[in-house]
Number of protein chains: 2
Amino acid sequence: MPPSSSESRAPGAAFLLTQLGTQAARRFAERIEPLGITPPHAGILRLVAMIPDCSQQKLATRLGILPSRMVVLIDEMAGQGLLDRRRSATDRRNYEIVLTDKGAETLANMQRAAAAHDTDFLTPLTPEEQQTLKSLCEKLAAHHGLAQGVHPGYKHL
Amino acid sequence: MPPSSSESRAPGAAFLLTQLGTQAARRFAERIEPLGITPPHAGILRLVAMIPDCSQQKLATRLGILPSRMVVLIDEMAGQGLLDRRRSATDRRNYEIVLTDKGAETLANMQRAAAAHDTDFLTPLTPEEQQTLKSLCEKLAAHHGLAQGVHPGYKHL
DNA sequence: TTCAAATCATTCTATATATGAATGATTCAT
DNA sequence: ATGAATCATTCATATATAGAATGATTTGAA
C-alpha cells in the first residue's frame, strides 16, 4: 500500500508534468511578448512558414482553433504586417496566407527566443539528464499522439 | 551549429514539456468531470483537506486565484454540498471552509482518479523510466520554485 | 445546364473567465 | 474611540472562446 502517513501527498509524475508544462508555456509567452505576439500567433507563424500559401481553414484544423477565432488572429497579424491575405487564383473562396518580410524576421526572432527558453528552462539539469528527459518526453509524446511541433493548448480545455 | 537542413524543426524539451503538460491537464480534467468538479475545484478540495478551517482568502492566495473568483468557486462547491461556510468564532470577518462528508468522499474519488490518471499517462514507459522521469521533473520543479501540489495553471497566463 | 449541397471566410451571439474597483461588516492598533 | 486594515462580496468591464448563422463561391449530380 502507498505511504500516506498523514496528509503529505507526493505528487505523481503526471501532475509534475502539468506543473512544468504550464510553467514552461507561461515563460515562453513572456519571451515572445516583446515581439508583439502571443503563443497562438507563434503557432500560426511556424505553420505558415512550413506550409506556404495555406488557407485559414487548414491552419485552423491543424492548430485546433475554430475558424471564427482564426479570423481574429489573422486580422491581428495582418494588422502588424506579419502576413498578407491573398485571394487564391484557383479557388476564390479561400485565401492564401503568405509571410511578409517582417513576418519572416519575427519568425526568426521567435525561434531564437524558443531556443533560449529551452536552454534556460533545462539549465538545472546536466546535459546527460537533459538528453534523458528529452528522450522520455519524446516517447511519451509519440504514444499520446501529439502532433509534431503543435501543442494542444490552443483549443477548448 | 544545429542541424536545420530544411524546415524540419525538432522541438526542444521545453516545448515537449508544454505539450505533455497541457495534454495531461486536459485528461485529468476529463477524469474528474464525472465527479462534477473542474480542476480549480480539485485544487480547493485538496487544500481544504490539508488546511482545515481555512479562510477563502488563504485559499485564494495559495492557489493564485482572485478572491472575487474564489467566491464563485466556493458558491458552486457549497451548492453541490461539498463544503460549508462556517463563520469563524474568533474573527467573524472570515469564514472557515469545512469539508462535508460528501466533500471528503469526492476528494477520495478525485485522488483515485488522479492515481489512475498517473498510471495511464505514464504507461508507455517502463517502471525504471517512470522513476527517472519523475526524479528529473522533481529536480526541475524544485529549481523553478513550484509549490508542492499546487500547479500554476489557475491564474492569468 | 441547372440546381442542391458543400466549403471558406466572416459575423453575430452567448457564455465563461480575468481583472480591478468599490462596498459593508468586522477587527486591530494606537 | 477613532482611523487603518482585513475579509467576503458585488459590480462593472474586458477578453477569450464556443457555436450558430450568413454570404460568396465552388462542386457534383441530375
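Chain letters run A, B, ... following the sequence lines, proteins first, then strands; residues in each count from 1. Quick note: numbers below take in every heavy atom, side chains included, and nothing from hydrogens, waters or symmetry partners.
- Following rounding to the nearest Å, B/Leu66 (CG) and D/dA12 (C1') show an atom-to-atom distance of 15 Å.
- Ring to ring, B/His117 and A/Phe15 are not that close: their centroids are 6.0 angstrom or more apart.
- A/Arg93 places its CZ atom 20 Å from the P atom of D/dT22, with the value rounded to the nearest Å.
- Residue-level contact check: B/Ser68 touches the bases, meaning some heavy atom is under 4.0 Å from a base atom.
- The 12-atom threshold is exceeded at NZ of B/Lys139, counting heavy atoms of other residues, nucleotides or ligands nearer than 6.0 Å.
- B/Arg27 and B/Asp120 are not joined by a salt bridge, as no carboxylate oxygen comes within less than 4.0 angstrom of a charged side-chain nitrogen.
- Closest to the B/Val71 side chain, of the nucleotides C/dT10, C/dA9, D/dT10, is D/dT10.
- In summary, the side chains of A/Gln56 and A/Arg85 do present a donor paired with an acceptor at a separation below 3.5 Å, with no hydrogens or angles considered.
- Rounding to whole angstrom units, CD1 of residue B/Ile65 and P of D/dT9 are separated by 14 Å.
- The separation between B/His41 atom NE2 and C/dT17 atom P is 8 Å, rounded to whole Å.
- Note on B/Gln57: a side-chain N or O is less than 4.0 Å away from OP1 or OP2 of D/dA8.
- Here D/dT27 presents its P atom at 11 Å from CZ of A/Arg92, a figure rounded to the nearest Å.
- Regarding contacts with the backbone of C/dA18, a side-chain N or O of B/Arg69 is found under 4.0 angstrom from either OP1 or OP2.
- Distance, B/Asn94 CG to C/dT27 P: 9 Å, rounded to whole Å.
- B/Asp91 has its CG atom 17 Å from the P atom of D/dA5, to the nearest Å.
- Nearest-nucleotide positions on DNA chain D for A/Thr90 and B/Cys54 put B/Cys54 closer to the 5' end.
- Here C/dT26 presents its P atom at 8 Å from CZ of B/Arg87, a figure rounded to the nearest Å.
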